[in-house]
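Computation of the quantities below employed the complete heavy-atom set of this structure, encompassing side-chain atoms and omitting hydrogens, waters and symmetry-equivalent molecules. In what follows, chains carry the letters A, B, and so on, assigned in the order in which the sequence lines appear, proteins first and then strands, with residues in each chain numbered from 1.
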Protein chains: 2
Amino acid sequence: MRIGELAEQVGVSVETIRYYERQGLLENPARSESNYRSYGGEATKRLGFIRQCRSLGISLKEIQPLLKLAEAPGAYCGEVDALLDEHIRKVREQRRDLAKLERQLKALRVDCHPSMQVRGCGILQDLALVTESESRKSADKKVSIRP
Amino acid sequence: MRIGELAEQVGVSVETIRYYERQGLLENPARSESNYRSYGGEATKRLGFIRQCRSLGISLKEIQPLLKLAEAPGAYCGEVDALLDEHIRKVREQRRDLAKLERQLKALRVDCHPSMQVRGCGILQDLALVTESESRKSADKKVSIRP
DNA sequence: GCTTGACCCTCAAGTCACTTCAGGGTTTCT
DNA sequence: AGAAACCCTGAAGTGACTTGAGGGTCAAGC
């Protein structure tokens, strides 16, 4: 199987496969006479595993040891649990943050003045810029300015 | 005000300020004789605005025109609305994705075999690696179990 | 007067997970 | 035989910063 076929099977770009190889997540495959990469069924599984992990938001760095573990059937798999727990914690946190963010954005959204001019735009005011008159009184500290 | 003070006021690193300057989001500040950046109160506001936007997940590229808009009191602010609407849409989508992700991760998490060995680990099996041929072949390999 | 340490400066490179580009060679179809 | 579709390598680009190297400046304390 050549790289393009593998890519299509797993639903990933050719460049991504080569990238994973460079990163040491996929073994260097056999090569054809014309130096084309040549893969067996193993590669599909390994790449599928990686993609599955990535779709769960697991980083490449975290996938590395998972792959090792997955290939050592007698090993202790508590590490997998731990990694997942930590990951679930992170995802939960992200979700909380995003929920808060959505509330903030929605609160902003209703906040535009009917004039539809920046002058009266509550959004921009809430975002805390729009100089009212405070910049006028900017007491001039004399600092020598470089050319 | 020197860069360190500004950084502390706004709660951002000195490097980040210099980065924003390079990106053209902050104007080149005045310089002291010894070439130190010297900021007035304006900078605090502008930087605060940027940080507020960033905390809402708005990209630097999107902040650029917002800043321009915020400084042109007579302009039409419908663009701000549009940007926010689009952003809210994105955030909602991200939240849906993350919720799904959390369900998947939790489903995985309960799935480890009582032996706590990779051999029987449902998680890794669900992640779809552990080839049968491999498992059989290496069934006799004694793999040390982590404490 | 001299050292120490906390600041400040610039420029360059590193991070993550890819993607894109430049400049080729090979295979397959017509 | 020529074109399209595939493959190769190596390098650079993305975003939003962070880190590092290699310096200069300034106030306080000895």
Side-chain angles (χ1 to χ4, degrees), chain A residues 1-26 28-39 43 46-67 87 90-91 94 97 101 143-147, chain B residues 1-26 28-39 43 46-67 83 87 90-91 94 97 101:
Chain A
M1 183 171 35
R2 298 197 305 196
I3 196 170
E5 199 186 335
L6 175 60
E8 200 174 359
Q9 263 191 31
V10 182
V12 84
S13 87
V14 165
E15 291 79 19
T16 300
I17 296 178
R18 289 199 276 247
Y19 173 72
Y20 287 165
E21 185 184 319
R22 278 201 304 283
Q23 298 311 110
L25 288 165
L26 294 173
N28 291 12
R31 296 289 184 132
S32 77
E33 273 178 32
S34 50
N35 199 30
Y36 286 10
R37 288 168 179 82
S38 169
Y39 298 94
R46 202 171 162 107
L47 184 53
F49 181 84
I50 296 172
R51 290 312 294 176
Q52 181 67 20
C53 290
R54 286 294 299 128
S55 81
L56 296 172
I58 298 171
S59 74
L60 295 186
K61 202 175 269 177
E62 288 168 324
I63 292 173
Q64 191 84 272
L66 277 184
L67 274 166
H87 206 66
K90 274 191 229 158
V91 168
Q94 267 186 61
D97 290 352
L101 177 51
V143 180
S144 66
I145 298 169
R146 281 232 173 164
Chain B
M1 182 172 36
R2 298 197 305 194
I3 196 170
E5 199 187 333
L6 175 60
E8 200 174 0
Q9 264 191 29
V10 182
V12 85
S13 85
V14 166
E15 292 78 19
T16 300
I17 296 178
R18 289 199 275 247
Y19 173 71
Y20 288 165
E21 186 184 318
R22 277 201 304 284
Q23 297 312 110
L25 287 165
L26 293 174
N28 292 12
R31 297 288 184 132
S32 77
E33 274 177 31
S34 50
N35 199 30
Y36 288 7
R37 287 169 179 81
S38 169
Y39 298 94
R46 203 173 161 105
L47 183 52
F49 180 83
I50 295 172
R51 290 311 295 176
Q52 180 67 20
C53 289
R54 286 294 300 128
S55 82
L56 295 172
I58 298 170
S59 73
L60 296 186
K61 204 174 268 177
E62 287 169 323
I63 293 173
Q64 191 84 272
L66 278 185
L67 274 166
L83 197 150
H87 207 67
K90 276 191 227 157
V91 169
Q94 267 186 62
D97 290 352
L101 178 52

Legend entry - side-chain contact (heavy atoms from CB on, under 4.5 Å) partners for B:S55, two or more places apart: B:Q52

Legend entry - side-chain contact (heavy atoms from CB on, under 4.5 Å) partners for B:V14, two or more places apart: B:I3, B:A7, B:R18

Inset, instruction - Do nucleotides 6-17 of chain C as a string where each nucleotide becomes B, S or -: B if the base has a protein heavy atom under 4.0 Å, S if just the sugar-phosphate does, - if no protein is that close. - result: -BSSB-----SB

Could you give the [atom1]-to-[atom2] distance, from [X] to [N], as a whole number of Å?
X	N	atom1	atom2	value
B:I63	D:dG15	CD1	P	13 Å
B:Q23	D:dG15	CD	C1'	9 Å
A:L6	D:dC8	CG	C1'	16 Å

Legend entry - B:Q64 side chain vs B:K61 backbone, donor-acceptor pair below 3.5 Å: no

So which protein N/O to nucleotides 2-4 of chain D N/O distances come out below 3.5 Å?
none

Inset, instruction - Would you mind reporting whether A:S32 and A:R2 have side-chain heavy atoms less than 4.5 Å apart? - result: no

Inset, instruction - Would you check if there is a donor-acceptor pair between the side chains of B:R46 and B:Y20 at a distance under 3.5 Å? - result: no

Legend entry - Residue list, side chain to side chain donor-acceptor pair (under 3.5 Å) with A:R54, at least two apart or on another chain: none

Legend entry - Residues forming a side chain to side chain donor-acceptor pair (under 3.5 Å) with A:E5, sequence neighbours excluded: none

Inset, instruction - Respond yes when some side-chain nitrogen or oxygen of A:S13 is under 4.0 Å from OP1 or OP2 of C:dC18, and no when none is. - result: no

Legend entry - side chain to side chain contact (heavy atoms under 4.5 Å, CB included) evaluation trace for B:Q94 with A:Q94: CA-CA 10 Å; B:Q94 267 186 62; A:Q94 267 186 61; 5.6 Å; no

